[in-house]
Number of protein chains: 2
Amino acid sequence: MSSLKPAKRTTIYDLADLAGTSASAVSAVLNGNWKKRRISSQLAEKIMRIADEQGYALNMQASLLRRDKSHIIGMIVPKYDNRYFGSIVELFEEMARARGLFPIITCTRRDPELELEAARTMLSYQVDCLIATGATDPDRITELCAASGVRTLNLDLPGSLAPSVITDNFAGARELTRRVLVNCERRLGRRQSLLFIGGRGSDHNTAERIRGFREAHADFGVAIDEAHILPCGYAPEKAEKALDKLIASGGLPPQGMFVNSTISLEGVMRWVRRTGHLDDRSIVLGCFDWDPFVALLGNEIEMVKQDVPAMLSTVFEIIDSGASTPAITQVPPLLSGF
Amino acid sequence: MSSLKPAKRTTIYDLADLAGTSASAVSAVLNGNWKKRRISSQLAEKIMRIADEQGYALNMQASLLRRDKSHIIGMIVPKYDNRYFGSIVELFEEMARARGLFPIITCTRRDPELELEAARTMLSYQVDCLIATGATDPDRITELCAASGVRTLNLDLPGSLAPSVITDNFAGARELTRRVLVNCERRLGRRQSLLFIGGRGSDHNTAERIRGFREAHADFGVAIDEAHILPCGYAPEKAEKALDKLIASGGLPPQGMFVNSTISLEGVMRWVRRTGHLDDRSIVLGCFDWDPFVALLGNEIEMVKQDVPAMLSTVFEIIDSGASTPAITQVPPLLSGF
DNA sequence: AATTCTTGCTTCATCGATTGAGCAACAATG
DNA sequence: CATTGTTGCTCAATCGATGAAGCAAGAATT
């Protein structure tokens, strides 16, 4: 069973011997520019046949060592545990391959040290370009890469040293907040301020979403309870704890909420079920994120879906254009009927 | 802004010049075996300092070309759109890195041609080992890799030519079916046969789950309606269409279902909501997969969570042991309180 | 017939890191 | 004082693919 392993992999030299020609000719034929190098089509065919018979596979390492561009494109991504990043990664791979690039992706679990470590590793692998998705400290990554002459782009969270493609968080959050406020009025019979929960107060996206959240309240003439702005982090447990703490300190159970991600929503829903502070049906929710099962949850949860195809198209446009100006491109998110 | 790009990246030769020593010494110092090569610690320190100052990054391509093992480990994975594969990928990366391996992952969207293409590419990148996760045609991948002397392991779906690590689908499905049958009796007041939906009839896992499904019905003395076994594929739309067709051909809306994945469950839930054939509350569901929001869906859906940490531990044990016997290791799945 | 062009290859240096072999300088031993 | 050992390095070949330069043989041109 596939036992006698070929101690050596087949190289162009082996093929050259078998074909009675030179490694140079083999190389030219196999990488497709044999016309330019004036190899006869007979020899080309012969070499291709032999390569096929021998199951020849190019040694990329050797090939890349010789070439100037690697055509490897790297991406770092915080997590694989939600639809948003999952679709980013899946589509990124597809689009990269469609452009003849080889994508390598690394998950850095929102850890700044891991992000830098991953960037260093990718530099070793000679990436031509690195996309930092949702990076905690994108500018350090850009600096590190710039020192090796490698381009960087920021996705999802912006940086100040490289082009960034992000969702229009302000507009999305304002519209989402408005809808939840309207739902509140319709379902609970009165206008009331919402609770904001999830995300990191220090990150741009969360700050912008809070700004949109405030603006929508102002538009509706509803005052915000500052104790109800809780950017407690991303993990589900953090949202649960923040709500526990709010109640413990005498706060009232919030009837309307703006939840900053599906991951935080997981914590919110667990808290709702666990504490029973709120009737499952009388809670009015909005989520700045999208998940198919959340849509089925039955609470008429309003959701904002970030426009991943548009974001990635923009990313590749910037790459193709060669620009490296640190400008921020904002992509409108998708709300049903917006 | 980071404009004057270093036309050349720093190499060990540059460092050697700067340190007034040889490239050989620099290499020895930087890859850590300078003790074996009897480099003085003074020189070592000097070289390390200069490398640091210059922001030196190893050229992996050159390094790998020279070495015999690449320490690159590849994984192909069907999709990133569910928690199961998401956690596989995330944990695989972590475990690989912890072992000093460099993981590269590619998503092949359940397309056999893409799987082979991805495997070929990974061979070019000199992977030492390739994990085929949920592969449609794992044996062809094994054959391809064996021709280059590269080890393969199958995960999630078994193959016949390489070691496979899979969930104990039969036992998991039998237990899940039993629970749903019990729930049916409790909630609907009578024992009745369930509908099986989702997955590919041709894949091992689905076949084993159907076997467990049958066995549980037999245990309970309930006859199965053969028209209610619908391995219609993985996409949500396929489950929706299969149910539509069932009803169109005169079947009764099934009150209890065994759904083969969260992806299929998405379709089932959409169908339930859309057609209104069933009261949302009177449907009794089990899902051979796990998702946090499904757990919150409120229908008391029984779920089987595959034991990803145990599966990956087994994978790495097999890799470490060096075994390449085509044996199947079955890992028990996790049911709450099982 | 002499020259230039074209075709179809081969030769060889190169990419950057690794490593066996070798070598000078000095220390230790008989 | 001659030999052996040790320390601390350097040299040069090598991994596999690439492509500029070169070269021989025949075709075309003057």
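Each chain gets a letter, A, B and so on, in the order its sequence line appears, and its residues count up from 1. Nothing here was measured: the structure is a model prediction, and the numbers come from that model.
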Measure the distance from [atom1] on [X] to [atom2] on [N] and round it to the nearest whole Å.
{"X": "A:Leu65", "N": "C:dA13", "atom1": "CG", "atom2": "P", "value": "17 Å"}
{"X": "B:Gln54", "N": "C:dG16", "atom1": "CD", "atom2": "C1'", "value": "17 Å"}
{"X": "B:Asn33", "N": "C:dG20", "atom1": "CG", "atom2": "C1'", "value": "13 Å"}
{"X": "A:Tyr13", "N": "C:dT11", "atom1": "OH", "atom2": "P", "value": "12 Å"}

Let me confirm one number: the [atom1]-[atom2] distance from [X] to [Y], rounded to the nearest 0.5 Å.
{"X": "B:Arg200", "Y": "B:Leu157", "atom1": "CZ", "atom2": "CG", "value": "9.0 Å"}
{"X": "A:Leu58", "Y": "A:Thr10", "atom1": "CG", "atom2": "OG1", "value": "12.5 Å"}
{"X": "B:Leu15", "Y": "B:Ser22", "atom1": "CG", "atom2": "OG", "value": "11.5 Å"}
{"X": "B:Leu161", "Y": "B:Thr325", "atom1": "CG", "atom2": "OG1", "value": "12.5 Å"}

B:Tyr84-B:Gln306 side chain donor-acceptor pair, cut-off 3.5 Å:
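Present: a donor and an acceptor within the cut-off.
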Nearest-nucleotide comparison on DNA chain D, the residue closer to the 5′ end among B:Thr21 and B:Arg66:
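Comparing both residues, the 5'-ward one is B:Thr21.
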Sugar-phosphate, base or nothing in reach of [X], heavy atoms under 4.0 Å:
{"X": "B:Ser24", "result": "base"}
{"X": "B:Asn31", "result": "sugar-phosphate"}
{"X": "B:Asp68", "result": "nothing"}

I want to check something: taking the side chain as every heavy atom from C-beta on, are A:Asn154 and A:Val165 in contact at a cut-off of under 4.5 Å?
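With C-beta onward as the side chain, the pair stays apart.
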With side chains defined as the heavy atoms from C-beta onward, is the minimum distance between A:Asp128 and A:Ile72 less than 4.5 Å?
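Counting from C-beta outward, A:Asp128 and A:Ile72 never come under 4.5 Å.
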Quick check on the 6.0 Å ring-centre criterion: do B:Tyr80 and A:Tyr80 meet it?
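When the ring centroids of B:Tyr80 and A:Tyr80 are compared, they turn out to be within the sub-6.0 Å range.
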DNA chain C-proximal residues of residues 35-47 of chain A, any heavy atom under 4.0 Å
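Those residues are A:Arg37, A:Arg38, A:Ile39, A:Ser40, A:Leu43.
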Among residues 56-64 of chain A, which residues get a heavy atom nearer than 4.0 Å to DNA chain C?
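Here the set is empty: none.
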At the 4.0 Å heavy-atom cut-off to chain A, mark where contacts on DNA chain D begin and end, going 5' to 3'.
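In short, chain A contacts DNA chain D from D:dG16 to D:dA20.
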Looking at A:Arg97, A:Met75, A:Met311, which hits side-chain contact (heavy atoms from CB on, under 4.5 Å) with A:Phe92?
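Of all the options given, the one that passes is A:Met75.
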Among A:Leu155, A:Ile131, A:Val315, find the one that has a side-chain contact (heavy atoms from CB on, under 4.5 Å) with A:Ile88.
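Filter result, single survivor: A:Leu155.
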Charged N to carboxylate O under 4.0 angstrom, [X] versus [Y]?
{"X": "B:Arg9", "Y": "B:Asp14", "result": "no"}
{"X": "B:Arg49", "Y": "B:Glu53", "result": "yes"}
{"X": "B:Arg140", "Y": "B:Glu115", "result": "no"}

Heavy-atom pair with the smallest gap, counting every atom of B:Gly159 and B:Ser164:
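Minimum heavy-atom contact is N-OG, 3.0 Å.
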Bend angle of the helix from C:dA2-D:dT29 to C:dG30-D:dC1, from helix axes over five pairs at each end, nearest 10°
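Both end axes considered, the difference amounts to 60°.
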N/O donor to acceptor pairs below 3.5 angstrom from side-chain atoms of residues 26-36 of chain B, sequence neighbours left out:
unit_1, atom_1, unit_2, atom_2, d
B:Asn31, OD1, B:Asn33, N, 3.4
B:Asn31, ND2, B:Ser27, O, 3.3

Row check, A:Tyr234 ring normal vs A:Arg110 NZ/CZ: under 6.0 Å, within 45°:
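Verdict for A:Tyr234: a cation-pi partner in A:Arg110.
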Each nucleotide N or O in nucleotides 24-26 of chain C that has a protein N or O under 3.5 Å away: list the pair and distance.
none

